[in-house]
Amino acid sequence: MKIGAVVLAAGQGTRMRSALPKVVHPIAGRPMIAWVLDALEAAGAASTVVVVGHEAEAVREALPAGVAVAVQAPQRGTGDAARVGLAALDPACDTVVLACGDTPLLDAALLGRLVEDHGAEERAATVVTGILADAGSYGRIVRDADGRVARIVEARDASDDELAIGEFNASLYAADRAALAAALEHLVASNAQGELYLTDAIGALDGAVAPLVWDDAEAASGVNDRVDLAACEAAIQRRLREALMRAGVTMPDPSGVYLDAAVTVGADTILLPGTHLRGGTAVAGGCTIGPDAVIVDSVIGPGSTVVSARVLQSELEEGCSVGPFAYIRPGCRLRRGARAGSFVELKNTELGAGAKVPHLSYVGDASVGEETNIGAGNITANYDGFRKHPTRIGARVKTGSDCVFVAPVSVGDDAMTGAGSIITDDVPDGALGIARARQTVIEGFTQRAAARAREAADAKEGSG
Ligand code: UD1
Ligand code: CA
């Protein structure tokens, strides 16, 4: 038995009311269909064909490289889609698993069991079914006297008695390729939707179709609208969180943590509510993330803290601290023990080991040397209205509060800048750069001013 897989993904997905093809809608940061393809691969499918049609290009682009595609045009129903897919499948595959691109909760355990069950005895097809009190819009499984699948009736075509059946079609099948291909040639569109139904072809495989009842009805959930999409997202989030918690990550309130599929988190890290780890983010062990942290495509070193912050495409080495209320924009690198504190925005900037930008600053296109302390309210003026320019601040520098560095400009190692300075010229190593108007002190000013005010008031009263 050589297993090939056909994934149906050509339908319009009308009920999503979306410009984006249904199977491309993301779940935990990946196209819905990618979850299906992963599960098929894990279950040992030797080759896979995805049937595309509606918005074919957008679906094709969302597929992992190397996945074979067959185009169904026009889209005349699931049976027609299966026929198109089978025709493109590796001829050496004598057994086919058919799945839908809109059932992202399939897991390798279910698919593995399907393949095993189907191979265990001579039969034309195996249909995965689930049982719900109310099977809603799913197709219903009508069994024969021997408990085999006699036919599958779509909810819109079903009688009241059939609608009362709780066993539904998960739209996941294993079938003998030749038998199914033959049945697909004889489909007619005699149903409410006027489509060629794969379910009719399965029903036509006379008495040789066995059900595989899967306890976990959730695994068979299909996404037809955005309510289903949210339910599948929640289920996958739950799986991802549970996997991390089992691997040693603490989440005091897991429901407040949002993960993308590829995210990794080390043991003894604490993820607090409002934490969103997106894209290829990798958080090392022993960190505290959140509450309220959005981290996208970034690397967070061991023992770091990120609280009330947004970190995009940046890297924090060991023991760094970000936030509260910090915005780390793409291209930042915080070396070991560096800190970006409250109301701080960094962009394309490197902070050396132990460097600190504690309060109210914007540092962009800059490098800051190790153990340097940037005073409160510093700004790198990196844009002259036409181009961006770099600012280089050396090691062990102390900048005064409220300094502006008009780039391009550099400050040497062990230098200082005076508070309120607008630094337009380079400051050499060990020097103090100060650039502000001298303060003038006017002695006795307030007393004299008060006396003048009193005299003016008296004069007004005397004349009145
Ligand atoms: C289908 C099943 C139903 C089952 C349900 C489970 C049929 C007729 N019905 O209904 O019994 O309970 O799935 O989720 O099979 N597609 C194509 N080409 C087409 C039409 C559809 O590739 O011409 C694809 C869609 O992109 C989708 C899948 O087939 O991925 C299922 O189509 P959909 O319209 O969602 O079928 P359901 O009404 O959900
Ligand atoms: Ca569906």
Side-chain angles (χ1 to χ4, degrees), residues 5-16 18 20-25 31-33 35-37 49-56 58-59 62 69-86 88 98-106 125 127-132 134-142 149 151-158 162-163 165-173 175 180 183-184 187-204 209 211 214 217-229 231-232:
V6 171
V7 180
L8 311 185
Q12 192 176 350
T14 323
R15 290 164 279 181
M16 293 294 282
S18 177
L20 193 65
K22 174 165 70 175
V23 297
V24 176
H25 276 259
M32 188 187 308
I33 192 171
W35 294 94
V36 179
L37 295 172
V49 173
V50 177
V51 182
V52 300
H54 177 74
E55 294 284 347
V59 176
V69 158
V71 179
Q72 182 203 16
Q75 293 86 49
R76 296 191 295 154
T78 51
D80 180 54
R83 184 185 59 74
V84 169
L86 273 188
L98 292 133
C100 292
D102 66 353
T103 51
L105 301 186
L106 296 186
V127 180
V128 175
T129 72
I131 296 179
L132 290 171
D134 173 3
S137 63
Y138 288 126
R140 306 298 203 272
I141 302 290
V142 180
V149 177
R151 55 199 183 85
I152 303 170
V153 57
E154 289 307 291
R156 7 180 153 215
D157 303 315
E162 287 164 338
L163 282 178
I165 297 172
E167 185 173 21
F168 69 91
N169 171 28
S171 213
L172 174 62
Y173 320 85
L180 180 65
L184 288 169
L187 288 179
V188 286
S190 58
N191 51 59
Q193 291 200 102
E195 289 188 352
L196 299 172
Y197 280 171
L198 173 55
T199 43
D200 289 346
I202 299 287
V209 181
W214 195 248
E218 183 188 85
S221 309
V223 174
N224 289 324
D225 60 23
R226 301 207 197 212
V227 175
D228 300 335
L229 181 69
C232 286

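As the structure is a computational prediction, the values presented were derived from the model and not from experiment. Both ligands and their constituent atoms are indexed starting at 1 by order of listing. For reference, positions follow the sequence shown, starting with 1.
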Can you check whether [X] reaches [Y] side chain to side chain, under 4.5 Å on heavy atoms?
X: Q193; Y: R156; value: yes
X: M16; Y: R226; value: yes
X: K22; Y: H54; value: no
X: S221; Y: D228; value: no
X: M32; Y: D102; value: yes
X: L198; Y: Y173; value: yes
X: I202; Y: N169; value: no
X: R76; Y: R83; value: yes

What part of D80, side chain, backbone, both or neither, has a heavy atom within less than 4.0 angstrom of ligand 1?
neither

Checking heavy atoms under 4.0 Å, the part of R15 that sits near ligand 1 is side chain

Enumerated ligand 1 atoms positioned under 4.0 Å from heavy atoms of [X]:
X: R76; result: 23 (O)
X: G77; result: 18 (N), 19 (C), 20 (C), 23 (O)
X: G139; result: 3 (C), 4 (C), 11 (O), 12 (O)
X: A9; result: 22 (O), 26 (O)
X: A81; result: 17 (C), 18 (N), 22 (O)
X: K22; result: 35 (O)
X: G101; result: 30 (O)
X: C100; result: 28 (C), 30 (O), 31 (C)

Option nearest atom 13 (O) of ligand 1 (shortest heavy-atom distance, choices A73, S171, S221):
S171

Indicate yes or no: does an N/O atom of [X] lie under 3.5 Å from an N/O atom of ligand 1?
X: L8; result: yes
X: V23; result: no
X: Y173; result: no

Can you tell me the protein heavy atom closest to [atom] and the distance?
atom: atom 11 (O) of ligand 1; value: E154 OE2, 2.6 Å
atom: atom 39 (O) of ligand 1; value: N224 OD1, 3.5 Å
atom: atom 35 (O) of ligand 1; value: D102 OD2, 3.2 Å
atom: atom 4 (C) of ligand 1; value: N169 O, 3.2 Å
atom: atom 25 (C) of ligand 1; value: G11 N, 3.6 Å
atom: atom 14 (O) of ligand 1; value: Y138 CE2, 3.7 Å
atom: atom 21 (C) of ligand 1; value: T78 CG2, 3.8 Å
atom: atom 18 (N) of ligand 1; value: Q72 OE1, 2.7 Å

Starting from the Ca ion (ligand 2), look over the N/O/S atoms of D102 and name the nearest one.
OD2

On a heavy-atom basis, which atom in C100 and which in V7 lie closest, and how many Å separate them?
C-CG1, 4.0 Å

Search all heavy atoms of T129 against all heavy atoms of P211 and return the closest pair with its distance.
CG2-CB, 4.1 Å

Any donor-acceptor N/O pair, R140 side chain to L163 backbone, under 3.5 Å:
yes

For Y197 and I152, indicate whether the former's side chain and the latter's backbone hold a donor-acceptor pair under 3.5 Å.
no

Can you tell me if N224 has an N, O or S atom under 3.0 Å away from the Ca ion (ligand 2)?
yes

As a test of understanding, state which of Q12, E55, H25 forms a side chain to side chain donor-acceptor pair (under 3.5 Å) with S18.
H25

Output for pair (L106 CG, W214 CH2), nearest 0.5 Å, gives 10.5 Å

For Q72, run the side-chain contact (heavy atoms from CB on, under 4.5 Å) check against L8, V84, V52 and tell me which one passes.
V84

At the 4.0 Å heavy-atom cut-off, does G53 count as touching ligand 1?
no

